[in-house]
Amino acid sequence: MSQQSTLVEKYRKEVYRIGWRIQYKARVISNREYAVSDNAYSFTAGSFTESSDSRLDMLTLIQSLPSGTGRIVLHELFIQDKTEAQVAKDLNMTQQAVNKWKRKMLRFLSQTKNSSISSG
């Protein structure tokens, strides 16, 4: 009987570890997908007016980008609230490519914003 209980305990621990790994992996993926919401490009608002103003500001920023692909990627990610995987499927590219475009365009917006602040 004790051998059977140790075997059950062993498998319970293994299932617990697997569950922990799955939760951790989901958290990592979620943080990658929605990392922008934690920085200066977050446009969440409480009321409809603030929300619509935020979307208009975001659209203006997206339209100022030099790259057509970058504009499409950011528009689908932040205006249409799609995931990187959905955007990749729509644009027939890999999720990694979508992530690179997103990071490149956000870096461009950040540099443009920083240069306009320092010159102004």
Side-chain angles (χ1 to χ4, degrees):
M1 192 59 111
S2 67
Q3 183 182 13
Q4 187 177 17
S5 64
T6 58
L7 190 60
V8 168
E9 187 63 30
K10 175 184 172 186
Y11 285 116
R12 185 179 327 155
K13 286 181 181 179
E14 187 61 30
V15 167
Y16 176 78
R17 285 186 193 118
I18 291 169
W20 186 88
R21 286 183 195 131
I22 290 171
Q23 286 179 337
Y24 177 78
K25 185 80 167 174
R27 206 172 326 132
V28 167
I29 290 171
S30 176
N31 288 341
R32 282 189 196 145
E33 292 272 327
Y34 302 108
V36 173
S37 65
D38 294 337
N39 65 21
Y41 295 105
S42 177
F43 290 99
T44 58
S47 71
F48 173 76
T49 307
E50 291 172 349
S51 177
S52 60
D53 289 346
S54 297
R55 289 213 181 247
L56 288 174
D57 292 341
M58 197 180 328
L59 279 170
T60 305
L61 284 173
I62 290 172
Q63 292 304 320
S64 71
L65 294 172
S67 168
T69 304
R71 281 193 297 268
I72 293 169
V73 167
L74 289 187
H75 186 271
E76 289 193 13
L77 286 173
F78 299 114
I79 301 297
Q80 297 178 356
D81 294 326
K82 292 184 179 181
T83 64
E84 288 181 358
Q86 291 169 326
V87 174
K89 186 176 179 182
D90 290 347
L91 298 178
N92 198 22
M93 60 174 60
T94 64
Q95 183 176 348
Q96 290 82 6
V98 170
N99 186 280
K100 283 183 180 182
W101 273 107
K102 178 181 78 172
R103 287 183 298 150
K104 183 178 180 180
M105 293 297 102
L106 291 176
R107 195 175 321 116
F108 174 81
L109 288 173
S110 176
Q111 289 170 351
T112 304
K113 181 180 176 185
N114 290 338
S115 66
S116 67
I117 289 173
S118 63
S119 66

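Not less than 6.0 angstrom separates the ring centroid of Tyr16 from the ring centroid of Trp20.
To the nearest 0.5 Å, atom CG of residue Leu91 and atom CD1 of residue Ile72 are 6.0 Å apart. In this structure, the separation between NE2 on His75 and NZ on Lys82 is 10.0 Å, given to the nearest 0.5 Å. Residue Glu84 holds its CD atom at 11.5 Å from CE of Met93, rounded to the nearest 0.5 Å. Atom OG1 of Thr69 is separated from atom CG of Leu74 by 11.0 Å, given to the nearest 0.5 angstrom.
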| message | Pair Glu76, Asp90 - check side-chain contact (heavy atoms from CB on, under 4.5 Å), show working. | response | CA-CA 9 Å; Glu76 289 193 13; Asp90 290 347; 3.4 Å; yes

Go through it in stages, so that I can follow the logic: the residues are Trp101 and Ser67, the test is side-chain contact (heavy atoms from CB on, under 4.5 Å), and I'd like the CA-CA distance, side-chain angles, deciding distance and then a yes or no.
CA-CA 10 Å; Trp101 273 107; Ser67 168; 3.1 Å; yes

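Clustering of Ile, Leu, Val, Met, Phe, Trp and Tyr by side-chain heavy atoms under 4.5 Å joins Ile22 with Ile18.
The shortest side-chain heavy-atom distance between Met105 and Val73 does not fall under the 4.5 Å cut-off. Proximity of Lys10 to Glu14: side-chain heavy atoms (C-beta onward) are nowhere separated by under 4.5 Å. Lys100 places none of its side-chain heavy atoms less than 4.5 Å from the side chain of Gln96.
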